[in-house]
Amino acid sequence: MAQSGAMSSDEIFELLKKIMVREFDLAPEQIRLTSGLEDLDLDSIDAVDLAIAVEEEIGFRFTTDDMEAFETMQDVVEVIAGQRWHGAT
């Protein structure tokens, strides 16, 4: 199991893309840092499935607050990287 703290933001994003391709049958080029779940035709149940897959893959557990704050893939990457996202400033 990889340690999320030792991963760069680019590595985290690549891991997320790999998980999303596997779990949701998306093409890697569809997934961008600026992509929102809705942009990828994913819903809140898919977000939970993504969170479970991330936990299984690297042991990172999202909080409910984390998941409610996600608007883009960048938000997900930042939370995993330890840079807590608190919305636009």
Side-chain angles (χ1 to χ4, degrees):
M1 182 183 310
Q3 294 296 320
S4 61
M7 298 173 71
S8 71
S9 293
D10 289 340
E11 290 170 324
I12 293 167
F13 181 58
E14 289 304 314
L15 174 67
L16 287 172
K17 283 185 9 178
K18 181 180 110 181
I19 291 169
M20 295 178 79
V21 166
R22 181 183 70 222
E23 297 292 322
F24 307 116
D25 198 30
L26 296 170
E29 59 273 6
Q30 289 178 276
I31 307 164
R32 296 183 174 86
L33 282 172
T34 57
S35 299
L37 290 178
E38 293 173 0
D39 299 329
L40 300 169
D41 291 325
L42 303 176
D43 60 22
S44 59
I45 300 299
D46 295 320
V48 171
D49 291 341
L50 175 61
I52 291 167
V54 167
E55 183 175 354
E56 290 172 353
E57 189 87 22
I58 63 172
F60 184 88
R61 181 174 286 175
F62 293 100
T63 67
T64 302
D65 289 342
D66 291 335
M67 295 188 65
E68 289 175 354
F70 293 153
E71 291 185 17
T72 67
M73 294 305 299
Q74 179 70 47
D75 301 332
V76 180
V77 169
E78 288 177 1
V79 168
I80 295 171
Q83 303 165 4
R84 289 288 184 205
W85 183 77
H86 296 289
T89 55

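Being a predicted model, the structure only gives us computed values, none of them experimental. For the single chain, residues carry numbers from 1 onward in sequence order.
Here the CD1 atom belonging to Ile80 is positioned 11.0 Å from the CG atom belonging to Asp75, to the nearest 0.5 angstrom. Taken from OG in Ser44 to CD in Glu68, the straight-line distance is 10.5 Å, to the nearest 0.5 Å. Here the straight-line distance linking atom CD of Glu23 with atom CD of Glu56 works out to 7.5 Å at 0.5 Å rounding. Distance check, rounded to the nearest 0.5 Å: CD of Gln74 to CZ of Arg32 gives 14.5 Å. In this structure, CG on Leu15 lies 5.5 Å from CD1 on Ile58, to the nearest 0.5 angstrom. Between atom CD1 of residue Ile31 and atom CD of residue Glu14 there is a gap of 9.5 Å, rounded to the nearest 0.5 Å.
Looking at Leu50 and Phe62, their side chains never come closer than 4.5 Å, going by heavy atoms from C-beta outward. In this structure the side chain of Glu78 never reaches within 4.5 angstrom of the side chain of Ile12, judged on heavy atoms. At least one side-chain heavy atom of Met20 sits under 4.5 Å from a side-chain heavy atom of Met73.
Using a distance-only test at 3.5 Å, with no hydrogens or angles considered, no donor-acceptor pair links the side chain of Asp49 to the main chain of Asp46. Side chain of Asp39 to backbone of Ser35: no donor-acceptor contact under 3.5 angstrom is found.
Under the side chain to side chain contact (heavy atoms under 4.5 Å, CB included) criterion, Gln30 pairs with Leu26, Ala27, Leu40, sequence neighbours left out.
We find that Arg22 and Glu57 are joined by a salt bridge, their nearest charged nitrogen and carboxylate oxygen being less than 4.0 Å apart.
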